[in-house]
Amino acid sequence: MDGNSIVIQLENVSFSYRNGESVMGNLQFELRQGEKLGLIGPNGSGKTTLLHIIMGLLKPSSGTVRIFDKPVESEQDFRIVRQKVGFLFQNADDQLFSPTVLEDVAFGPLNLGKNPEEARQMSLKTLKALNLNGFEDRITHNLSGGEKKLVALATVLVMKPDVLLLDEPATGLDEHTNIRIIDILNSLDTSYVIVSHEYDFLARTTRDIYSMQGGKIEYNGRSENLHSHYHRHPHGKAPHGHD
Amino acid sequence: MIHESLANGHSQIHRLDPRLKIIFATVYSFIIALSDRFPTLFAALALSFLLIGLARLNLQEVLRKVVLVNGLILLFWVVLPLTFTGEPLFYLGPLAVTREGILLSAKITIKSNAILLFFIALIATTSIATLGYALNRLRIPEKIVHLLLLTYRYTFVIEQEYARLIRAAKIRGFRAGNNMHTYRTYAYLIGMLLVKATARAERVHQAMVCRGFKGKFYCLHEFSFSRPEKIWSALMSIAIIGLGIVEWMEIA
């Protein structure tokens, strides 16, 4: 694929809940190969809905979803999409359902048809790459919030997706875990979309930032030019520098 | 909520192939449940104690579990000797305490404790996760195995949610009492837990679908049936057959 090919494209997509309440109307969205895109917006603006539509978890009321230049509609189409597009859920407890970490990370590769030994090797390699050596036999529900998030990321990365969708990856994490996740994301050459309401996090992980409000997406600009001055103060009043 | 405190030992029993433990624990429970003679039951109880010893478990912990079950058995001792027809041993006021009633209560007590101890020695020394995979390997239907594993995984999450709801009620001054307000609050709480659990099940399923889940689970675990397993199988088979002989050949 050349550097500019479109990987995800939504054309005139509308979505409304069963009660008729419209979340988005005639939305246009595009992600190109290699792009790292941030999507910011208040609660209820439809960010998560957008990601769910891309994954085929929600059906748009109208419009077309094209992924890797093919229109996707049926569950069968989306099954193929899900092998190439990784989705990190907002809540890691929803993503990690196996008793042990290794089992959970190996779940995806096993579904892709790898044999148990291959799946195990792939999982161990991914855990190692995320600096989670020795986590394989840990019990998932005993992990801390930050560890759960990192393992959840491992369960997605192990499937070697071409595109990543991350739903609020920074929410509720301490600064240390946040920095680890930022480093991991910056080291990936996968294209990704990060949905967040934390500007700071998006500025450190993405290049272009879009905002979403009332079901419409608007380009905000390059993240480095847009640094707003609402930053969080994770260190409280202790002396610290700003980068 | 589920502590698995006995699963983390290092005895030989802990290391045994869990499939073997499940099979023998099941066969043993059936044999003992069907046995009716005291020599068999006492022999079985001795065997269970022996296994508890070999598993090198924290005896206090074992005792706590045994006491819990025997609390229930106490009920049998209150009811059975008075209600079972047979030869009266002595009278408690107008009520006759029968010999048969007492013997039956004793049998139930020994049976329950023998089976319980056997299960503690063999099954409680395996983590629930491992147990699930062993059941899978023993060709127990997948749906049952995954029901067990997912229940185990999300019990903790639901417990946390319950604790959060209770805390939310408490910090607003809720105190349980015997009144309509208390009952209504608990009903809301349980209802809320159900709603949350359903919503979570939906999200967990979505997350699984996103990772390529097509309704089939694959098992990562391989168990090995090697030398120690062979020796243990032989010994346990002999013990269980021995118990069977004592019971049905009416030896001793």
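Everything numeric here is computed off the predicted structure, so don't read it as measured data. All chains are named by letter (A, B, ...) in the order of the sequence lines, taking the proteins before the strands, and each is independently numbered beginning at 1.
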Report the C-alpha distance between B:Phe213 and A:Phe107 in whole Å, list the side-chain angles of each, state the deciding distance to 0.1 Å, and finish with yes or no for side chain to side chain contact (heavy atoms under 4.5 Å, CB included).
-> CA-CA 8 Å; B:Phe213 179 64; A:Phe107 176 74; 3.6 Å; yes
Enter the distance from A:Arg82:CZ to B:Cys210:SG here, rounded to the nearest 0.5 Å.
-> 6.0 Å
Which atom of A:Asp93 lies closest to which atom of B:Arg200, heavy atoms considered | CB-NH1, 3.5 Å
B:Gln206 and A:Phe89, any side-chain heavy atoms less than 4.5 Å apart = yes
What pair of heavy atoms forms the shortest contact from B:Arg211 to A:Met159, and how long is it?
-> O-CE, 3.5 Å
If you look at every heavy atom in B:Met208 and A:Phe97, which pair is closest and at what distance?
-> CG-CE2, 3.6 Å
Report, as yes or no, whether the 6.0 Å neighbourhood of atom CZ on B:Phe49 holds more than 12 heavy atoms from other residues, nucleotides or ligands.
-> no
Provide the closest heavy-atom pair for A:Asp94 versus B:Tyr154 in the form atom of the first, atom of the second, distance.
-> O-OH, 4.0 Å
For atom CZ of B:Phe225, is the number of surrounding heavy atoms from other residues, nucleotides or ligands below 6.0 Å larger than 12?
-> yes
Any residue of residues 183-197 of chain A which, by heavy atoms, sits under 4.5 Å from chain B = none
Out of B:Ser127, B:Ala201, B:Gly132, B:Gly212, which one racks up the most heavy-atom pairs below 4.5 Å with chain A?
-> B:Gly212
Does atom NZ of B:Lys214 have more than 12 heavy-atom neighbours, drawn from other residues, nucleotides or ligands, at distances under 6.0 Å?
-> yes
Shortest non-hydrogen pair, B:Arg153 vs A:His141, comes out as NH1-CB, 3.6 Å
Region of B:Val157 in contact with chain A, defined by heavy-atom distances below 4.5 Å | side chain
Within a radius of less than 6.0 Å around CD of A:Glu75, do more than 12 heavy atoms belonging to other residues, nucleotides or ligands occur?
-> yes
Determine whether more than 12 heavy atoms belonging to other residues, nucleotides or ligands lie under 6.0 Å from atom CD of A:Glu73.
-> no
Checking side chain to side chain contact (heavy atoms under 4.5 Å, CB included) for the pair A:Ile139/B:Tyr152: CA distance, chi angles, key distance, verdict?
-> CA-CA 11 Å; A:Ile139 303 290; B:Tyr152 166 71; 4.1 Å; yes
Enclosure of A:Lys148 NZ (heavy-atom neighbours >12, cutoff 6.0 Å) | yes
Within a strict 4.5 Å, meaning less than it, do heavy atoms of the B:Leu149 and A:Ser98 side chains meet?
-> no
Near A:Lys59 NZ, under 6.0 Å, is it more than 12 heavy atoms from other residues, nucleotides or ligands?
-> yes
Kindly indicate whether the side chain of A:Pro99, heavy atoms from C-beta on, has any atom under 4.5 Å from the side chain of B:Ile128.
-> no
Tell me, side chain or backbone of A:Ser123 under 4.5 Å from chain B's heavy atoms, or both, or neither?
-> neither
Select one option (side chain, backbone, both, neither) describing which atoms of A:Asn91 are under 4.5 Å from chain B's heavy atoms.
-> side chain
Max heavy-atom pairs within cutoff under 4.5 Å with chain B, candidates A:Leu96, A:Leu112, A:Val158, goes to A:Leu96
Engaged part of A:Asp167 at the chain B interface, taking heavy atoms whose separation is under 4.5 Å | neither
